[in-house]
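Notes follow the structure.
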2 protein chains.
Amino acid sequence: MTVKNAFYAQSGGVTAVINASAAGVIETARQHGDKIGKVYAGRNGIIGALTEDLIDTSLESAEDIARLKHTPSGAFGSCRYKLKSLDTHREQYERLIEVFRAHDIGYFFYNGGGDSADTCYKIAQLSEKMGYPIQAIHVPKTVDNDLPITDCCPGFGSVAKYVATSIREAGYDVASMAKTSTKVFILEVMGRHAGWITAACGLAAEQEGEGPHILLFPEVEFDEAAFLAKVKATVEKYDHCVIGVSEGIKNKDGQFLSETGLKDAFGHAQLGGVAPTIAQLVKDKLGYKYHWAVADYLQRAARHIASKTDVEQAYALGRAAVEMAMDGKNSVMPAIRRLSDAPYRWDIAEAPLSQVANVEKFMPRDFITEDGFHITEACRRYLSPLIAGEDYPPFKNGLPDYVRLQNLAVAKKLPEFKL
Amino acid sequence: MTVKNAFYAQSGGVTAVINASAAGVIETARQHGDKIGKVYAGRNGIIGALTEDLIDTSLESAEDIARLKHTPSGAFGSCRYKLKSLDTHREQYERLIEVFRAHDIGYFFYNGGGDSADTCYKIAQLSEKMGYPIQAIHVPKTVDNDLPITDCCPGFGSVAKYVATSIREAGYDVASMAKTSTKVFILEVMGRHAGWITAACGLAAEQEGEGPHILLFPEVEFDEAAFLAKVKATVEKYDHCVIGVSEGIKNKDGQFLSETGLKDAFGHAQLGGVAPTIAQLVKDKLGYKYHWAVADYLQRAARHIASKTDVEQAYALGRAAVEMAMDGKNSVMPAIRRLSDAPYRWDIAEAPLSQVANVEKFMPRDFITEDGFHITEACRRYLSPLIAGEDYPPFKNGLPDYVRLQNLAVAKKLPEFKL
């Protein structure tokens with residue numbers, strides 16, 4: 001059997017568990033020395049492949065690779081760099097294959113969301129045509145939870161656990177102060193197109209009266225009057241109102257609310273921050289004292305409160321990707337398959353990249369209540385297992401002890417390539 | 001020995017561990033049945049005493065009282081209601097003593113910050129004069145860490161651990177994406193007057209290049225030019241810059257920065273949110289891509305990542321308050337006394353309320369670096385032990401399992417009192 005090297009890269013927004021997938025890939029590859037030589041990682045994702053800036057992961061100790069399982073962010077660097085169309089920028093794809101050829105790379109593991117699935121698919125197709133066949137396997141990752149076929153996406157479960165925990169805690173806080181202080185609390189969460197993270201906030205409301213009382217999904221057009229009526233009714237009933245809002249909610253004109261509200265001192269629209277816009281609306285129209293929080297990167301980086309299920313799945317998908325490669329598979333993605341809700345059981349199936357690339361999965365309408373302001377029981381059944389279990393990182397000096405790899409470069413063999 | 005009832009109330013902004021102090025008070029009181037009858041809690045703090053809305057904590061099970069140790073927020077409700085001056089509103093104080101007399105209350109445990117220490121002190125003085133002596137003991141609590149005499153304040157250590165953990169995690173995230181995405185990340189934290197929480201962010205920077213790279217303290221006048229130069233230098237050196245900013249920073253005119261930047265659609269100043277103001281400044285002047293987060297209540301409610309040291313001290317101070325009362329003390333506050341930094345050792349001393357009321361403790365200047373943008377080694381030595389140790393709450397369905405007490409009311413005996 002020929003031994004080939006492997007290439008691994010992280011793509012797009014990083015998560016609390018993408019490094020667990022990296023550990024799954026690297027540890028499993030190390031167990032297959034008969035087929036896989038070294039695992040090279042792209043420094044800053046696919047850019048590292050284009051610029052031949054490769055990291056030799058074989059120089060990292062087994063201990064440090066294991067520590068990736070509890071370290072958030074992208075250990076090798078990630079990037080937001082979408083390869084252009086194959087028709088107009090064929091040279092980018094050819095360059096990738098040239099780099100793979102120069103470094104004797106036979107396996108391409110690409111860890112990302114929809115865009116990277118598409119890139120992975122194109123690489124597999126083109127490499128075949130160029131006479132240097134690469135086995136391209138996509139490892140799913142996205143906090144947006146919007147990849148098709150797979151039941152859920154690594155990274156999402158941990159964000160879900162973080163936002164549900166945080167909004168529960170803030171809800172307890174607000175409830176205990178509402179008599180004389182804040183009545184309305186608003187937490188803004190990620191999810192520009194799909195409301196999965198907003199939905200996860202809803203898990204915190206388990207008992208009558210417990211927040212969040214209102215969720216604002218990007219899938220539901222923002223109806224100001226209905227929203228204000230709901231806030232008023234909630235405050236009148238429970239003395240306070242806790243709201244989870246997606247950064248991506250839009251008004252009836254299809255405009256992002258975050259772009260309609262605030263202006264800076266020069267009159268320019270302030271980008272981002274739908275929470276303050278909603279807060280101001282509540283204040284202006286209902287007069288309630290408010291507070292708001294914007295979790296931003298805190299939510300996707302919060303490894304300290306990661307979901308154990310999510311960590312396990314992220315690792316298992318990395319491992320499965322290598323195992324699929326060892327089985328001779330190409331142009332596929334290992335996907336989570338749900339076998340039952342309760343008890344939660346899952347395994348890993350094989351998804352053809354042709355069916356993954358360029359397909360987005362949105363929240364089913366029956367996951368949102370009829371009034372559009374909360375999640376249904378069906379949604380709870382889906383979400384609950386994904387936040388199950390804790391998997392705390394080790395702590396040192398009172399803080400999570402995350403690994404920083406050496407990330408030593410592989411010597412270059414090719415002329416420079418301009419991005 | 002006469003048996004008297006006790007009154008306990010929570011005051012001001014709640015914390016992740018104020019309920020641990022409540023548990024310390026109630027559990028210890030239950031061990032002194034020879035002197036303490038029931039512990040009544042004020043519903044919504046001191047307002048509950050004024051309106052004779054008392055909660056009978058003796059109806060709560062030992063198990064539920066124990067669960068307070070891991071439950072954030074104020075279990076009996078808290079309030080922002082400062083009693084007026086004794087000269088102008090003597091009737092409020094007289095009413096309190098009338099309620100205490102009606103319910104045979106001989107012990108007053110008031111759990112709060114500077115204002116409540118002042119109230120506690122006045123009650124002790126007046127009750128003596130009115131011929132119904134009450135032993136008034138103050139139990140310290142404030143995330144602002146600004147009470148005098150005590151080495152630290154319960155609630156602060158847990159916020160400190162939360163913000164340091166969160167900014168480390170976000171820092172890792174930003175560092176791994178900086179090549180093509182966000183260069184500057186800003187986390188806004190609490191602390192309108194004192195920079196203790198902002199300082200705690202600094203603990204996350206342990207290794208060369210690790211964020212936060214810049215801290216903006218309320219004690220240091222915001223110097224736009226120096227700040228921008230520091231951001232630029234940091235991005236040029238490390239490719240990214242992580243910033244922790246206090247909500248209370250002011251410009252050279254003494255104006256809160258949060259009030260200078262944003263205006264809503266009607267041209268009104270937008271309250272709160274210094275992070276977006278700083279972000280916009282960085283964007284306008286340096287052109288860097290940015291992200292920002294506002295932790296708001298999330299930070300003070302984050303019991304899931306509480307400091308073990310903080311939880312232990314909060315409980316110990318509640319216990320000590322009752323023990324001081326049993327020793328016949330009056331008009332005092334149990335205070336944390338630091339015996340050594342490393343290993344960290346502490347005990348509890350007795351502080352006279354006359355020296356606590358109306359005194360605020362600010363950050364020593366030598367805790368802030370000369371350039372005003374970070375913390376010194378002296379500050380680290382002070383802060384480090386306060387975030388030491390984890391004390392995770394139990395989880396159920398993937399979420400922290402916090403207690404909700406029954407909070408049953410005691411029958412009223414007096415005529416109504418208008419607030």
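Worth saying up front: this structure is predicted, and the values here are computed from it rather than measured. Sequence lines set the chain letters: A, B, ... in the order given, protein chains first and strands last, and positions in each chain run from 1.
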Options Ser78(B), Ala388(B), Cys79(B), Gly77(B), ranked by heavy-atom pairs under 4.5 Å with chain A, top entry: Ser78(B)

Distance-minimising heavy-atom pair for Ser384(B) and Leu203(B): OG-CD2, 3.8 Å

Derivation of the salt bridge (charged side-chain N to carboxylate O under 4.0 Å, His left out) call for Arg300(B) and Asp173(A): CA-CA 8 Å; Arg300(B) 74 178 195 196; Asp173(A) 185 305; 2.7 Å; yes

Region of Ser181(A) in contact with chain B, defined by heavy-atom distances below 4.5 Å: side chain

Salt bridge (charged side-chain N to carboxylate O under 4.0 Å, His left out) partners of Arg381(A), counting only residues at least two apart: none

Show me the side-chain donor-acceptor pairs of residues 162-171 of chain A shorter than 3.5 Å, one per line, residues at least two apart or across chains.
residue	atom	partner	partner atom	Å
Tyr162(A)	OH	Tyr162(B)	OH	3.4
Thr165(A)	OG1	Lys161(A)	O	2.8
Ser166(A)	OG	Tyr162(A)	O	2.8
Arg168(A)	NH1	Pro400(B)	O	2.8
Arg168(A)	NH2	Ala204(A)	O	3.0
Arg168(A)	NH2	Glu206(A)	OE1	2.8
Glu169(A)	OE1	His304(B)	ND1	3.0
Glu169(A)	OE2	Arg303(B)	N	3.2
Glu169(A)	OE2	His304(B)	N	2.9
Glu169(A)	OE2	His304(B)	ND1	3.2
Glu169(A)	OE2	Tyr402(B)	OH	2.5

Side chain / backbone / both / neither for Gln207(A) at chain B, heavy atoms under 4.5 Å: side chain

Under 4.5 Å from any heavy atom of chain B - which part of Ser307(A): neither

Contacting moiety of Leu386(A), where chain B heavy atoms sit under 4.5 Å: neither

Contact origin within Thr309(B) toward chain A - heavy atom pairs under 4.5 Å: neither

Chi angles and distances behind the side chain to side chain contact (heavy atoms under 4.5 Å, CB included) call for Trp292(A), Phe185(A): CA-CA 5 Å; Trp292(A) 53 267; Phe185(A) 175 76; 5.7 Å; no

Contacting region of Asn397(A) [heavy-atom separation from chain B under 4.5 Å]: both

Test side chain to side chain contact (heavy atoms under 4.5 Å, CB included) applied to Thr15(B) and Ser158(B), step by step: CA-CA 8 Å; Thr15(B) 77; Ser158(B) 293; over 6 Å; no

Phe76(A), part contacting chain B, at a heavy-atom distance under 4.5 Å: neither

Among Ser176(A), Ala293(A), Ala302(A), residue most engaged with chain B (heavy-atom pairs, under 4.5 Å): Ser176(A)

